[in-house]
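Beneath this line is the structure, given in structure tokens, with notes to follow.
To find a chain, count down the sequence lines: A is the first, B the second, and so on, and within it residues start at 1.
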There are 2 protein chains.
Amino acid sequence: MTLSEEDYIKIIYHLGKGDQGTVSTNAIAEKMETKPSSVSDMIKKLSEKGLVNYKKYQGVTLSEYGLKVALSIVRKHRLWEVFLVEKLEFSWDEVHEVAEQLEHIKSEKLIDMLDKHLGFPQIDPHGDPIPSKSGEFKKSIKRLLNEVPIGKEGICVGVKDSSPPFLKFLDKNKIALGDSIFVVDKEEFDGSLHIKIRDVDIRISDQIASNLYLRIIE
Amino acid sequence: MTLSEEDYIKIIYHLGKGDQGTVSTNAIAEKMETKPSSVSDMIKKLSEKGLVNYKKYQGVTLSEYGLKVALSIVRKHRLWEVFLVEKLEFSWDEVHEVAEQLEHIKSEKLIDMLDKHLGFPQIDPHGDPIPSKSGEFKKSIKRLLNEVPIGKEGICVGVKDSSPPFLKFLDKNKIALGDSIFVVDKEEFDGSLHIKIRDVDIRISDQIASNLYLRIIE
DNA sequence: ACAAATTTTTAGATTTGCCTAAATTTTATT
DNA sequence: AATAAAATTTAGGCAAATCTAAAAATTTGT
């Protein structure tokens, strides 16, 4: 597969996501920052290679094979994002561009070992799930931290209350977007939480927890 | 710079190495696994871009700018090799092909942070020196371990005595090609060495040390 | 030194991925 | 339902990097 082919497959995957419905030529052209006529050319090629199902003027869907390819690219992209954040101190909003390049590196062993090196992460720094080697992956959902079950881990993806005092609190406690938070325990009495963040255990009140969005798996 | 241009620059660098003399079209063609006519085309392009000095039928040399580009590619290649061996458990003879791909990733921050993550290594798993960010680098030389000065580190690149008992000894002590060895101290009395390998301190006799080749810096 | 052998370059095609412009099909509007 | 608008495809070309075949320059051998 060429670099360009991989980019098309990935974009078709993302556009067709959810209902995995058909994707229009124009939509692909916009994402690829190219012209619809170029997309037509490429779709024909991908169709001949069995990566997409295609009928003229009717849009495309990924074939079973195409989906497998797409998931493998997504897996690589997200594993590299974890690497950049966890090992190279990138922030969650700097990783995309570089991961976009790294996802095209071809070596099965590289990805297997990277996965192992990172401790087989389930989610990337944006809270999106990482497909397994065989292409399965859990759906991710957004939940308020106080609604996350004990024993689950999630990525901090947003706040409900964006007032300065709350943001200051987060800053003081070194809680930032993109941080991975693990819910260790919950106090029945007052709903306060015992969480683990950056390998540090801290306690936060229910009031805080009910204003922080996490993205969790399942 | 395109991928292909980078490959040409790197190959011209390696072929012109040492005396940094002129490199022939045929030699480049062989290394690139392409035809001399294709090389002529590309050389013309590289020359127009100011990366090489070129006179028809007279071979090429890297320009000052071309050399800088070459060194930056070599730096990336070797840092990735260190990463693969040190962090992902690749063996020294598996890394080349993957590093060949990784060296083309474009992100200054990525390389800076990778360098830091790896502890600013000076040599790659084959014992070759890693150019600094600004393009300087030390020459590497091959020395018998017993001739390596105290406080220096090197990569195990070969044996003088390749008899089964010696190889068995190396195996038993987990000393393998590609391992990094740091000379902690030397016993004046019998010439025995105190070395650090894979973060473990061991002591070896002069007889052993005088049959192991290291590649060291300076 | 000069013919033969080798190396290098040029000329003309090919492939990939893209483009513009024009034609075609589908969708939306009245 | 007919036509206007939008989406999609086709046709014809371009640039990058390669190829084969042939021409030109250099090097080698005697």
Whether Phe83(B) and His117(B) hold their rings parallel, tilted or perpendicular, with breakpoints at 30° and 60° | tilted
Winner on side-chain proximity to Ser24(B), out of dT8(D), dT8(C), dT10(D), is dT8(C)
Quick one: side-chain contact (heavy atoms from CB on, under 4.5 Å) partners of Glu89(A), sequence neighbours excluded?
-> Met113(B), Lys116(B)
Per-pair distances, 0.1 Å, donor-acceptor, side chain in residues 72-80 of chain A, under 3.5 Å, sequence neighbours excluded:
residue, atom, partner, partner atom, Å
Arg75(A), NH1, Pro131(A), O, 3.1
Arg75(A), NH2, Asp115(A), OD2, 3.1
Lys76(A), NZ, Glu103(A), O, 3.4
His77(A), ND1, Glu103(A), OE1, 2.7
His77(A), NE2, Glu81(A), OE2, 2.8
His77(A), NE2, His96(A), ND1, 3.4
Arg78(A), NH1, Pro129(A), O, 2.7
Trp80(A), NE1, Leu102(A), O, 3.3

Under 4.0 Å between a side-chain N/O of Thr2(A) and OP1 or OP2 of dT16(C), yes or no?
-> no
Output all residues satisfying ring pair (Phe, Tyr, Trp, His ring centres under 6.0 Å) with His126(B), sequence neighbours left out; order by chain, then residue number.
-> Trp92(B)
Atom CD of Glu30(A) to atom P of dA7(D): distance rounded to whole Å?
-> 10 Å
Does any pair with a residue in residues 50-59 of chain B pass side-chain hydrogen bond (donor to acceptor under 3.5 Å, both in side chains), and if so which ones, sequence neighbours excluded?
-> Asn53(B)-Thr61(B)
Take nucleotides 18-27 of chain C nucleotide by nucleotide from the 5' end and write B, S or -, depending on whether a protein heavy atom sits under 4.0 Å from the base, only from the sugar-phosphate, or from neither.
-> BBBB--BSS-
Between Ile141(A), Ile155(A), Ile123(A), which is the residue that forms a side-chain contact (heavy atoms from CB on, under 4.5 Å) with Ile217(A)?
-> Ile123(A)
Tell me whether the guanidinium CZ or amine NZ of Lys142(A) lies under 6.0 angstrom from the six-membered ring centre of Tyr213(A) and within 45° of its axis.
-> yes
Within residues 98-106 of chain A, the residues having a heavy atom closer than 4.0 Å to DNA chain D are none
For Leu46(B) and dA16(D), give me the distance from atom CG to atom C1', rounded to whole Å.
-> 13 Å
For Gly50(A), does its backbone N or O pair with a side-chain atom of Ser63(A) as donor and acceptor, under 3.5 Å?
-> yes
Between P of dA16(D) and NZ of Lys44(B), the distance in whole Å | 13 Å
According to a strict under-4.0 Å criterion, is Asn26(A) in side-chain N/O contact with OP1 or OP2 of dT8(D)?
-> yes
